[in-house]
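Working notes, beginning with the structure itself.
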Amino acid sequence: MSPAVSNNASRRAAELRERLDEASHRYHVLDAPTIPDAEYDALMRELEALEAAHPELVTSDSPTQRVGAAPSSAFAEVRHEVPMLSLANAFSDEEIGEFVRRIRTRLDLNADASLKFSVEPKFDGLAISLRYEDGKFVRGATRGDGETGEDVTANLRTIKQIPLKLHGKGWPTVIEVRGEVYMPRAGFEKYNETARESNGKIKPLINPRNAAAGSLRQLDPRITAKRPLAFYAYAVGVVEGGELPTTHSAMLKKLHAWGFPVSTLVDTADGAQGCLTYFHRVGEQRDALPFDIDGVVYKIDDLATQRELGFVGRTPRWAIAHKYPAQEQTTTIEAIEINIGRTGAATPTARLKPVFVGGVTVTNATLHNADQVARLDVRIGDTVIVRRAGDVIPEVARVVVERRPAHTHRWKMPAHCPICGSAIVREEGEVVARCTGGLACAAQVQQALFHFAARRAMDIDGLGERFIEGLTDFGYVKSPADLYKLKLHDLLEMKRRADERDGTTPETVKAGKVATKWAENLIEAIAQSRRTTLARFLYSLGINHVGESTAKALATWFGDIALIRHLPWPILKLVPDIGGEVARAIDAFFEQDGNQRVIDDLLEHGIVITDAHAPIAKVRAALTTANVLADMELPGITEKRSEQLAQAFDSLEAILHAPPAKLSASGVPLDVAAALASALEQAQTRELFKRSAHAMHLLLERAESAKGAAGPLDGKTVVLTGSLNSLTRDEAKDKLEALGAKVAGSVSKKTSFVVAGAEAGSKLDKATELGVEVWDEARLVKFLHAHAG
DNA sequence: GCCCCTCGAGTTCA
DNA sequence: CTCGAGGGGC
């Protein structure tokens with residue numbers, strides 16, 4: 001070995017020791033970890049490997065030679081007569097193969113001889129030891145460094161899952177039961193919710209594991225008692241005056257019989273293959289478990305074989321922890337960028353130094369909004385802990401302030417849009433900041449086009465962000481309507497210019513050929529999208545507050561874009577689930593000349609709406625002068641007042657042209673009449689009256705008569721509950737709606753009937769309570785069948 | 001006026 | 001999937 005190599009290794013080993021010591025101290029003594037467990041494990045493994053390769057580097061104070069740091073002095077020390085183990089870790093199938101092979105070699109077993117393991121989840125909590133004398137709980141201690149822990153008896157007594165007296169009989173005179181104290185996820189979430197509501201008085205917990213550790217180290221057991229802690233037993237230490245079973249799995253059963261919780265995930269497995277199968281089986285359930293686990297543990301089941309295999313240092317040869325990919329990792333923030341959405345929403349995104357978390361490499365993480373950035377105080381250059389919690393989307397869990405470089409400053413939302421330079425404004429009381437550029441902002445235009453082409457909107461297959469960028473950047477497309485004017489050569493030209501600009505030369509060009517297939521496909525996809533439904537068309541326009549559901553409602557109620565594009569907001573409000581805010585947003589969208597031009601353009605250049613129809617009968621029913629008047633949100637005009645006015649005047653025009661004296665004579669209080677009169681003096685209100693009156697006439701003229709359109713369930717409100725066999729809830733909903741019913745989510749006295757499938761819950765109870773009619777699935781199916789077509 | 005529920009908008013990676 | 005906010009029931 002060359003001196004240079006040895007020198008490097010020695011320096012690296014020293015560095016690793018320093019970092020591990022520091023982390024260990026913060027973790028065990030201060031309860032304030034600075035690096036995630038996975039990183040600690042990785043550093044430890046590197047050091048172990050280094051020391052294995054260069055035994056001369058091993059020092060007596062190396063972290064590999066002891067586990068954990070000295071306990072803090074707040075609690076009495078407890079010496080573990082039988083030391084509490086630490087397990088070797090494995091991260092890959094190969095390592096498990098090697099582990100099992102080593103055991104077979106030592107035991108002189110063939111590769112195909114059966115080798116039984118007791119397998120169990122590895123809880124992410126805090127290992128403890130419970131001592132029972134004559135069946136009574138006398139002392140509980142933390143693991144500490146494995147040799148010496150802390151006496152936390154008083155705190156452990158508060159955990160209801162820990163028996164204070166052993167159940168059954170046949171237990172040894174003295175027995176130490178070992179296991180894990182942990183905090184279930186639900187309890188953890190609930191605690192943190194309370195902490196958030198406390199406005200900083202209660203500090204939120206970083207993770208369930210820390211929560212468990214912190215709770216056990218409370219000086220006041222009454223505080224511990226309030227924390228939702230739980231316990232699982234998985235081993236025994238000292239045993240005196242009694243016999244135990246001869247296998248680990250039998251011993252766990254015994255512990256269970258004596259009153260200890262034992263995980264239901266505990267099982268046995270044969271050989272490496274059996275262990276790996278178990279690993280994957282538990283891994284699939286991992287996210288759904290009510291507690292955190294960071295891996296599984298395999299132990300040789302036969303206790304005599306365990307003794308035969310023995311230990312290396314303090315780690316047993318007969319057991320290993322097989323860990324899952326880390327769900328947390330540290331990385332650094334390289335930049336904080338602003339994304340502009342379709343509505344102009346400016347979302348800060350963290351650009352990360354790529355890290356492998358939970359099975360994928362993460363480079364971006366959303367920071368949601370400025371408040372979130374402020375809460376975390378994320379700064380450029382910071383070291384952060386990135387998490388892929390339960391789901392998929394990575395988030396920055398917290399900043400490791402200790403590793404913050406010098407001269408950083410708090411991040412601030414920029415005042416101007418990075419794309420178009422317009423002001424970024426955050427409305428009072430709103431969480432999101434928005435770019436005010438509107439159609440002048442290239443980012444907003446691109447996002448609008450992206451939305452337009454989306455699968456659930458116009459469904460233009462293959463029109464992704466890259467093409468949209470090229471098409472808008474070179475001016476081929478300024479509005480959705482331009483898409484339908486594109487010719488093949490436009491696309492090819494655009495591609496050529498984009499390649500030129502980006503300095504990318506495709507293979508095909510080098511070969512002297514031009515690839516055209518993609519362009520033909522795109523032109524075809526655009527042509528395909530021309531025929532569409534009214535609901536999709538409305539949704540694709542990207543009107544603020546109009547998503548799929550609202551678009552569908554508008555399409556069903558009014559049936560025709562020619563009508564919808566001119567409806568004033570008080571009329572739009574007649575549609576259930578459309579309130580003032582949404583109605584005004586729709587009205588405002590169509591008030592913009594630019595938007596009207598785009599719609600004209602789209603219709604002229606080939607959009608075909610295949611399902612146009614007359615306004616449904618419900619429109620006619622809802623379109624009374626009283627309803628529209630009440631929807632106008634005029635001061636003092638309640639439903640009751642608008643009824644009175646409608647009775648007195650019959651039409652909106654009549655009210656508009658009524659002299660103030662006549663208004664007062666309508667039966668409404670004088671001050672209300674006066675307020676109405678003064679409102680009617682405003683041009684804006686008069687305009688709204690005129691538009692509404694006009695729209696009423698138009699709609700009434702065109703609306704289907706109630707008779708013609710009446711479905712068998714017209715006017716009925718139906719609630720679905722439980723699961724159906726012959727069709728899904730969605731299908732049932734569609735079919736019921738097609739027959740005129742409104743399908744609601746909860747039962748009230750207005751409900752016409754409830755369809756109860758299998759395992760119907762509280763909604764069925766409510767229906768019975770309110771005396772609402774209940775249908776079973778058979779009756780529904782029969783009914784749908786009878787009215788099919 | 002308060003609470004519950006549904007809808008909309010934004011987001012990551014293979 | 002998750003958060004925020006609009007709608008509407010009580």
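Below, each value reflects all heavy atoms present in this structure, side chains not excepted, and no hydrogens, waters or symmetry copies. Here is how names work: the chains are called A, B, and so on, in the same order as the sequence lines, proteins then strands, and each is numbered from 1.
Distance E633(A) CD to dG7(C) P: 9 Å, rounded to the nearest Å. The CD atom of E395(A) sits 12 Å away from the C1' atom of dT12(B) (whole-angstrom rounding). Per the geometry, NE2 belonging to H368(A) stands 12 Å off C1' belonging to dG4(C), to the nearest Å. Atom pair I543(A):CD1 and dG8(B):C1' shows a separation of 13 Å (rounding to whole Å applied).
R342(A) places a side-chain N or O within 3.5 Å of a backbone atom of G542(A) that can act as its donor or acceptor partner. Remark: side-chain polar atoms of Y324(A) are paired, donor with acceptor, to backbone N or O of G283(A) under 3.5 angstrom.
Listed nucleotides: dC13(B), dG10(B), dG6(C). Nearest to the side chain of T343(A): dG10(B). When distances are taken from the side chain of R342(A) to each of dG4(C), dG10(B), dT12(B), the shortest belongs to dG10(B). Proximity note for V362(A) (side chain, C-beta onward) versus dT11(B), dG8(B), dC13(B): the nearest is dC13(B). Comparing dG6(C), dA5(C), dT11(B) against the side chain of E581(A) picks out dG6(C) as the nearest. With distances taken from any side-chain atom of T347(A) to the nucleotides dA9(B), dG8(C), dG10(B), the minimum falls on dG10(B). If you check dT12(B), dG6(C), dC7(B) against the side chain of T550(A), the one that comes closest is dC7(B). Each of dG4(C), dG8(B), dT11(B) was ranked by its minimum atom distance to the side chain of S549(A); first place goes to dG8(B). When the nucleotides dG7(C), dT11(B), dC13(B) are ranked by their closest atom to the side chain of T363(A), dC13(B) comes out on top.
Residues from residues 446-460 of chain A lying near DNA chain B, meaning a heavy-atom separation below 4.0 Å, are absent.
Salt bridge annotation for R375(A)-D377(A): absent, with no cationic side-chain nitrogen under 4.0 angstrom from a carboxylate oxygen. Look at E633(A) and R584(A) and you find a salt bridge, because one of the NZ, NE, NH1 or NH2 atoms lies within 4.0 Å of a carboxylate O, short of that distance. Salt bridge status for D371(A) with R426(A): present, with a side-chain N to carboxylate O gap under 4.0 Å.
At the phosphate of dG4(C), neither OP1 nor OP2 sits under 4.0 Å from any side-chain N or O atom of N369(A).
Remark: S642(A) engages A626(A), L629(A), A630(A), I637(A) in a side-chain contact (heavy atoms from CB on, under 4.5 Å) (not counting sequence neighbours).
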